[in-house]
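Counting begins at 1 with the first residue of the sequence. Computed from a predicted model, the values in this text were never measured in an experiment. Heavy atoms only: backbone and side chains are in, while hydrogens, waters and symmetry mates are out.
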Amino acid sequence: MLYKLTPNITVIGKVIIRPERSFSFLAYLVTGGKNILIDTLPIPAGEIFLEELKSCVALDKLDAVIINHSESDHSGSLSLLSEQCPNLPVYCSDAGKEILQAAYPTISSLQVVTNGSSLQIGDLTFSFTYTPGLHWADNMVTYLEGERILFSNDLFGQSLGMEIPLDSQVSEAALLSGAKNYFEKVFSTAPPESLAILPHIIAKQPRLVAPGHGVILQEHLAKIFDYYQMMCVAK
């Protein structure tokens, strides 16, 4: 699935829609003066992922990959991509580097971005916030400065999947149900000290949140933030 989110951001996704459930896996390509891939798709979707990626940009024109989380549903296709682009820089957290090195030992271009740091690539500025314990120890989120877009990986995800991956395509009730279901499965055991980072992330006031699962949040973003703030208080 390809979806043009903004003039310079394309969603590359795998959507599963069945009578009993729907779910999605989402990666993002930021194009322009520089071309940056944020996360990948699971390896079963790897070949299709590469073909869709190549339909947007020649692989030799990719400048970097940012991996917010090393779990295979977000990093799986990195192995195929690195075979064709062995020197492509891959940015991740320090814990993410350890896991990715063990999972994909042939990748030699892993580079750590520290918590709270910024990275300038061409005219794009990305900032990074570590979110350890909000799923795995290596999780982080990436914020695209200027455009105020948060690439949140698992955070703010939902148990939903749509071919047009926007929250405007589902009712507020369905979105909140999907968000609560996902939170209970992924974050319900997170300790209070891990959840404490959430107000800091929300305070960045992104205009749009692009998660790794579910739909992209804009129209109902405030409702999702309210829900997460409530869960912080509950902890």
Side-chain angles (χ1 to χ4, degrees), residues 5 11 13-28 38-39 41-42 67-76 93 95-96 99 115 128-143 148-162 164-235:
L5 181 60
V11 186
K14 169 68 176 176
V15 182
I16 299 170
I17 299 176
R18 294 176 181 156
E20 70 280 7
R21 67 186 286 262
S22 63
F23 201 67
S24 67
F25 305 90
L26 305 175
Y28 301 90
I38 301 177
D39 296 322
L41 298 187
I67 296 292
N68 282 314
H69 175 36
S70 61
E71 192 173 8
S72 61
D73 58 336
H74 303 286
S75 72
S93 68
I99 299 170
N115 184 37
F128 307 97
T129 302
Y130 282 15
T131 59
L134 294 180
H135 198 26
W136 287 10
D138 73 300
N139 282 77
M140 68 178 192
V141 298
T142 297
Y143 188 66
R148 295 175 47 222
I149 295 176
L150 180 72
F151 298 96
S152 64
N153 197 261
D154 284 315
L155 198 62
F156 307 119
Q158 321 99 42
S159 299
L160 290 171
M162 304 285 291
I164 298 177
L166 304 176
D167 64 352
S168 60
Q169 301 298 302
V170 297
S171 67
E172 182 180 306
L175 179 69
L176 286 170
S177 176
K180 291 175 181 178
N181 179 272
Y182 190 79
F183 186 97
E184 289 169 2
K185 288 182 178 179
V186 180
F187 302 120
S188 61
T189 59
E193 57 268 25
S194 294
L195 290 168
I197 193 62
L198 289 171
H200 170 74
I201 292 172
I202 292 170
K204 288 181 176 288
Q205 296 184 315
R207 66 175 182 87
L208 186 151
V209 170
H213 302 295
V215 293
I216 293 153
L217 302 168
Q218 185 171 28
E219 186 172 303
H220 302 298
L221 178 56
K223 292 290 185 180
I224 299 299
F225 280 171
D226 286 347
Y227 172 71
Y228 271 76
Q229 297 270 35
M230 178 185 70
M231 297 311 295
C232 286
V233 172
K235 283 279 188 173

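- Remark: the backbone N or O of L160 is not paired with any side-chain donor or acceptor of S22 at under 3.5 angstrom.
- Between P191 and G133, the shortest heavy-atom distance links the atoms CD-O, 4.5 Å.
- Interatomic distance, CD1 of I16 versus CZ of R21, reported as 6.0 Å (0.5 Å rounding).
- Atoms CZ and CD1, from F156 and I224 in turn, are 9.0 Å apart once rounded to the nearest 0.5 Å.
- To the nearest 0.5 Å, atoms CG (D39) and CD (E71) are separated by 11.5 Å.
- For S93, there are no side-chain hydrogen bond (donor to acceptor under 3.5 Å, both in side chains) partners at least two apart in sequence or on another chain.
- The CG atom of L26 sits 12.5 Å away from the CD1 atom of I38 when rounded to the nearest 0.5 Å.
- Residues meeting the side-chain hydrogen bond (donor to acceptor under 3.5 Å, both in side chains) test with D138, sequence neighbours left out: H69, S70.
- Of the N and O atoms on the side chains of H135 and N153, not one donor lies less than 3.5 Å from an acceptor on the other residue.
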Please output the side-chain donor-acceptor pairs of residues 170-186 that fall under 3.5 Å, not counting sequence neighbours, one pair per line with the distance.
unit_1	atom_1	unit_2	atom_2	d
S171	OG	A174	N	3.0
N181	OD1	S159	OG	2.7
Y182	OH	D154	OD1	2.6

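- Here the straight-line distance linking atom CZ of F187 with atom CG of L195 works out to 9.0 Å at 0.5 Å rounding.
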Anything under 3.5 Å between a donor and an acceptor, one on a side chain of residues 198-208, the other on a protein residue two or more places apart or in another chain? List them.
unit_1	atom_1	unit_2	atom_2	d
R207	NE	E147	O	2.8

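- Remark: Y28 engages F151 in a ring pair (Phe, Tyr, Trp, His ring centres under 6.0 Å) (not counting sequence neighbours).
- The minimum heavy-atom distance linking P211 with G157 is given by the pair CB-CA, 4.1 Å.
- Legend: residues meeting side-chain contact (heavy atoms from CB on, under 4.5 Å) with L166, ordered by chain and number and at least two apart, are Y3, L5, I164, S168, Q169, I216.
- Residues Y228 and L155 meet the side-chain proximity criterion, which asks for heavy atoms closer than 4.5 Å.
- A distance-only check finds a donor-acceptor pair linking the side chain of H213 to the backbone of S24 [under 3.5 Å].
- Here the OH-CG distance, from Y130 to N139, works out to 11.5 Å after rounding to the nearest 0.5 Å.
- Between the side chain of D167 and the main chain of V215, no donor-acceptor pair closer than 3.5 Å is present.
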